[in-house]
Amino acid sequence: MSRRWIQNPNRCADEYLDGIEDFIAFARRHNPGATRIRCPCRRCNNTLWETIENVGFHLVRNGMIETYSIWNLHG
């Protein structure tokens, strides 16, 4: 799966939104039953735990950490 979408400055672009869906699916698959995961948005910086739904919202609102291409904290 390409993670080029993380670098896209247009967070309303289909590529970016599809990338968020892929990330959320990845996090759910690798953390079965989890209700909260670390949020990789620029504001939370993988230090705060949020609901999976809020993580999706944060990624649209704040963008993902641009260097977080190996999702080692999520699976």
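Linking ILVMFWY side-chain heavy atoms closer than 4.5 Å, directly or via other members, places Met64 and Leu48 in two distinct hydrophobic clusters. Criterion: ILVMFWY side-chain heavy atoms under 4.5 Å apart, direct or through other members. Under it, Leu59 and Phe57 are not part of a common hydrophobic cluster.
Annotation for Arg36 and Thr51: closest pair NH1-CG2, 3.3 Å, computed over non-hydrogen atoms. The shortest heavy-atom contact between Ala13 and Asn8 is CB-ND2, 3.6 Å. Nearest heavy atoms, His58 versus Cys44: ND1-SG, 3.4 Å. The two atoms that bring Ile65 and Ile6 nearest to each other are O-CG2, 3.6 Å, heavy atoms only. When every heavy atom of Leu17 is checked against every heavy atom of Cys12, the shortest pair comes out as CD1-O, 3.6 Å.
Taking the side chain as every heavy atom from C-beta outward, Val55 and Phe23 approach each other to under 4.5 Å. Here the side chains of Arg42 and Glu66 are in contact, with some heavy-atom distance below 4.5 Å.
Going from atom CZ of Arg11 over to atom CD1 of Ile20 covers 9.0 Å, rounded to the nearest 0.5 Å. Between Thr35 atom OG1 and Arg28 atom CZ the span is 10.5 Å, to the nearest 0.5 Å. Considering CZ of Arg38 and NE2 of His74, their distance stands at 8.0 Å, rounded to 0.5 Å. Distance check, rounded to the nearest 0.5 Å: CG of Asn46 to CG of Leu73 gives 5.0 Å. Glu15 CD to Asn10 CG: the interatomic distance, rounded to the nearest 0.5 Å, is 9.5 Å. Atom CD1 in Ile24 sits 6.5 Å away from atom CD1 in Ile52 (nearest 0.5 Å).
Between Trp71 and Tyr68, the ring planes are tilted. Angles from 30° to 60° get that label.
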